[in-house]
Amino acid sequence: RNRLEIIPSKISKLTLLNQLDVSRNYLTEFGTEIVSLTNLVRLSFSHNSISEISPYVTNLINLENLHLRHNTISVIPPFISQFSKLRQLI
């Protein structure tokens with residue numbers, strides 16, 4: 001637990017990153033910082049305070065695992081179907 005309230009902007013420079021786990025923080029949104037992380041295969045935002053899935057994730061074309069449990073998300077948006085490689089949505 002890092003007590004993050006926002007994703008640090010410098011993370012956007014880690015374009016070869018294939019896994020990002022920011023679980024158990026105080027995040028309320030995905031943030032634009034993840035847009036350039038197109039090599040991500042696994043992304044975990046579990047145990048935060050996120051209420052909606054951001055359209056920013058549509059840039060993550062290699063995403064296979066998206067973990068969002070223990071947030072306040074009530075609707076899965078239609079754009080989630082654009083993830084042709086997505087195998088796990090929790």
Side-chain angles (χ1 to χ4, degrees):
R1 198 175 285 190
N2 296 310
R3 298 184 180 172
L4 294 175
E5 293 181 11
I6 60 168
I7 302 291
S9 61
K10 290 185 179 185
I11 205 160
S12 64
K13 297 186 187 304
L14 304 175
T15 56
L16 298 178
L17 193 67
N18 64 16
Q19 293 189 36
L20 177 61
D21 188 338
V22 288
S23 299
R24 299 183 184 274
N25 281 289
Y26 302 109
L27 300 169
T28 58
E29 62 184 8
F30 285 78
T32 58
E33 296 79 14
I34 65 167
V35 171
S36 61
L37 305 179
T38 57
N39 286 309
L40 281 182
V41 174
R42 182 179 180 276
L43 177 60
S44 181
F45 272 87
S46 297
H47 296 273
N48 278 287
S49 298
I50 295 172
S51 60
E52 64 182 9
I53 300 175
S54 169
Y56 298 132
V57 298
T58 57
N59 278 13
L60 308 179
I61 57 173
N62 291 303
L63 200 61
E64 293 179 9
N65 300 293
L66 180 57
H67 297 192
L68 300 169
R69 69 183 131 195
H70 299 286
N71 280 288
T72 58
I73 298 169
S74 60
V75 175
I76 303 293
F79 62 76
I80 208 79
S81 65
Q82 295 177 17
F83 295 110
S84 60
K85 295 183 180 181
L86 191 65
R87 295 175 10 184
Q88 190 175 56
L89 176 61
I90 300 174

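Model, not experiment: these values are computed from the prediction.
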Engineer: Can you tell me how far the CG atom of L14 sits from the CD1 atom of I34, to the nearest 0.5 Å?
Structural biologist: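 That separation rounds to 13.5 Å.
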Engineer: The criterion is ring-ring contact (aromatic ring centres under 6.0 Å, His included); which residues satisfy it with F83, sequence neighbours excluded?
Structural biologist: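 Listed in chain order: nothing, the list is empty.
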Engineer: Considering only distance and modelled atom types, tabulate donor-acceptor pairs under 3.5 Å from the side chains of residues 57-66, sequence neighbours left out.
Structural biologist:
from : atom 1 : to  : atom 2 : distance (Å)
T58  : OG1    : P55 : O      : 2.7
N62  : OD1    : K85 : NZ     : 2.8
N62  : ND2    : T38 : O      : 2.9

Engineer: Look at the side-chain heavy atoms of Ile, Leu, Val, Met, Phe, Trp and Tyr, link any pair under 4.5 Å apart, and say whether F30 and I6 land in one connected group.
Structural biologist: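 Different clusters.
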Engineer: Go through the steps to decide whether H70 and R24 satisfy the test side chain to side chain contact (heavy atoms under 4.5 Å, CB included), and finish with yes or no.
Structural biologist: CA-CA 9 Å; H70 299 286; R24 299 183 184 274; over 6 Å; no
Engineer: May I ask you to check whether over 12 heavy atoms, not counting those of Q82, lie within 6.0 Å of atom CD?
Structural biologist: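 Enclosed.
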Engineer: Is any side-chain heavy atom of I11 closer than 4.5 Å to a side-chain heavy atom of L20?
Structural biologist: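 When only atoms from C-beta onward are counted, L20 and I11 do touch, with a gap below 4.5 Å.
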Engineer: For N18, give me all partners under side chain to side chain contact (heavy atoms under 4.5 Å, CB included), at least two apart in sequence or on another chain.
Structural biologist: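 With neighbours one apart ignored, the set is V41.
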Engineer: Indicate the atoms forming the closest heavy-atom contact of S12 with E33, along with that distance.
Structural biologist: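 Closest heavy-atom pair between S12 and E33: CB-O, 3.4 Å.
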Engineer: Can you name the residues that form a side chain to side chain contact (heavy atoms under 4.5 Å, CB included) with L16, not counting sequence neighbours?
Structural biologist: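 So L16 forms a side chain to side chain contact (heavy atoms under 4.5 Å, CB included) with N39.
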Engineer: What are the two closest heavy atoms between L17 and Q19, and how far apart are they?
Structural biologist: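 Smallest heavy-atom distance, with atoms named: CG-O, 3.4 Å.
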Engineer: Taking all atoms of both residues into account, what is the closest heavy-atom pair of P77 and V75, and its distance?
Structural biologist: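 Looking at all heavy atoms of both residues, the shortest contact is CD-O, 3.4 Å.
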Engineer: List the residues meeting salt bridge (Lys or Arg N to Asp or Glu O under 4.0 Å) with R69, not counting sequence neighbours, and say none if there are none.
Structural biologist: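 Result, salt bridge (Lys or Arg N to Asp or Glu O under 4.0 Å) vs R69: none returned.
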Engineer: Under 3.5 Å, side-chain donor or acceptor atoms of residues 47-54 against the rest of the protein: list the pairs with distances, not counting sequence neighbours.
Structural biologist:
from : atom 1 : to  : atom 2 : distance (Å)
N48  : OD1    : N25 : N      : 3.2
N48  : OD1    : Y26 : N      : 3.4
N48  : OD1    : L27 : N      : 3.0
N48  : ND2    : V22 : O      : 3.1
N48  : ND2    : F45 : O      : 2.9
N48  : ND2    : S46 : O      : 3.2
S54  : OG     : Y56 : N      : 3.0

